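These numbers come from a predicted model, not from an experiment. For this chain, numbers begin at 1 and follow the sequence in order.
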Amino acid sequence: MEEYVARYTDITDAFFMWQVQPSVIFGRNQLIESEVNIDYCRSHGIRMYRRKSGGGCVYADMNNIMFAYITSEDNVGFTFYRYVNMVVHVLRLLGIDAKASGRNDIMIGDRKVSGNAFYHLPGRSIVHGTMLYDTDMENMVGSITPSDAKLVSKGVKSVRQRIALLKDYIDLDQAAFKRFVKEHLCTEEYMLTEQDVLTIEEMEKEYLSDAFIYGNNPKYAVVKRERIEGVGELELRMEVRSGILKNINILGDYFLIGDLNDMLDRLKDVSLDAESLNAALPDSVEDIIRGLQKEKLITLILK
């Protein structure tokens, strides 16, 4: 629905709220087997989805509200800033001392209540994220950690200390909270037609396909990982022969804002030395992976 609104309507700014049955939703460039406890999800009826934005893996259920914001604004930084501050403003109207933090979080004190992700289409930007009104803590922890009962129990206690649930800070029930958000962020409604819905259902098939959800990530001989401040977790998987980079993929919870495939194609058959990599890469890598400096990427490849 987000993609449909972005691609096929002329609405300048759109906002909507949605909820899902228990689900794990992981980022576009993440490996499902690295982020999701697939066995736990299958045995507990938790659905698994990949989204088209970057960022990390989240658990969501009907007690968690998902926000979506679609705009014609093209500047990534400004779009994030505007969206996050709109949400912070609404929370503050409810008397909650909320603030933006890090690259994509909203905090209440030192606890996270919302994480957000971004993706870009020609002339359109989409920001979406979680809003923790309440949640099933055991499923949240179990779906992304080993399913050993002791580990899940320990993880619940640890995670509960790091996240905020809105129900603990306001007197409104979930329905009343949603009405409050709508009244303060929206001025009019757009009703989908039957044809809109049919088109969305057709687009949905890609998101529900095994190829999209599970991906095709062959095992590469060389794997390099690093967490880079302001960028996120990067995992480089490379195939190297005789000092030549034959293939490379960049996985992780980073935010993708440009054409990654084009950049990766430029690196194929390039010698593994700083000068050759510098010549092959575009001048502004941060226009493709948000916040990533070209020199930092070269250093990680050669690490």
request  = Could you name each residue pair satisfying ring-ring contact (aromatic ring centres under 6.0 Å, His included) that touches residues 228-282, not counting sequence neighbours?
outcome  = Phe80-Phe255
Enumerate, atom names and distances included, each donor-acceptor pair closer than 3.5 Å involving a side-chain atom of residues 86-100, sequence neighbours excluded.
from  : atom 1 : to     : atom 2 : distance (Å)
Arg92 : NE     : Ala98  : O      : 2.8
Arg92 : NH2    : Ala98  : O      : 2.8
Lys99 : NZ     : Gly109 : O      : 2.7

message = Quick check against the 3.5 Å criterion: does Glu73 have a side-chain atom that pairs as donor or acceptor with the backbone of Asn75?
response = yes
query = Which pairs, with at least one residue in residues 112-135 and sequence neighbours excluded, count as a salt bridge (Lys or Arg N to Asp or Glu O under 4.0 Å)?
reply = Asp105-Lys112, Asp134-Lys167
ask   = Do Ser53 and His128 meet the criterion of a side-chain donor-acceptor pair at a distance under 3.5 Å?
value = yes
inquiry  = Ignoring hydrogens and geometry beyond distance, is a side-chain donor-acceptor pair present between Asn116 and Tyr69 at under 3.5 Å?
reply    = no
inquiry  = Are Tyr49 and Tyr207 an aromatic pair, judged by ring center distance below 6.0 Å?
reply    = no
ask   = Partners of Ser284 by side-chain hydrogen bond (donor to acceptor under 3.5 Å, both in side chains), sequence neighbours excluded?
value = Asp287
request  = For the pair Lys268 and Glu239, evaluate salt bridge (charged side-chain N to carboxylate O under 4.0 Å, His left out) and give the outcome as yes or no after the intermediate values.
outcome  = CA-CA 10 Å; Lys268 290 179 180 177; Glu239 181 185 348; over 6 Å; no
Exercise answer: donor-acceptor pairs, residues 256-264 side-chain atoms, under 3.5 Å, sequence neighbours excluded:
from   : atom 1 : to     : atom 2 : distance (Å)
Asp259 : OD1    : Asn261 : N      : 3.2
Asp259 : OD1    : Asp262 : N      : 3.1
Asp262 : OD2    : Arg266 : NE     : 3.3

inquiry  = For the CD1 atom of Ile163 and the OG atom of Ser114, what is their distance to the nearest 0.5 Å?
reply    = 12.0 Å
query = Minimum heavy-atom separation for Asp61 to Pro22, with atom names?
reply = CB-CA, 4.0 Å
Can you give each donor-acceptor pair under 3.5 Å made by side-chain atoms of residues 176-185, sequence neighbours left out, with the distance rounded to 0.1 Å?
from   : atom 1 : to     : atom 2 : distance (Å)
Lys178 : NZ     : Gln19  : OE1    : 2.6
Lys182 : NZ     : Glu189 : OE2    : 2.6
His184 : ND1    : Phe180 : O      : 2.9

ask   = Do Tyr133 and Asn64 have side-chain atoms, one donor and one acceptor, less than 3.5 Å apart?
value = no
ask   = Going from CG on Asp273 to CD1 on Ile301, what distance comes out if it is rounded to the nearest 0.5 angstrom?
value = 11.0 Å
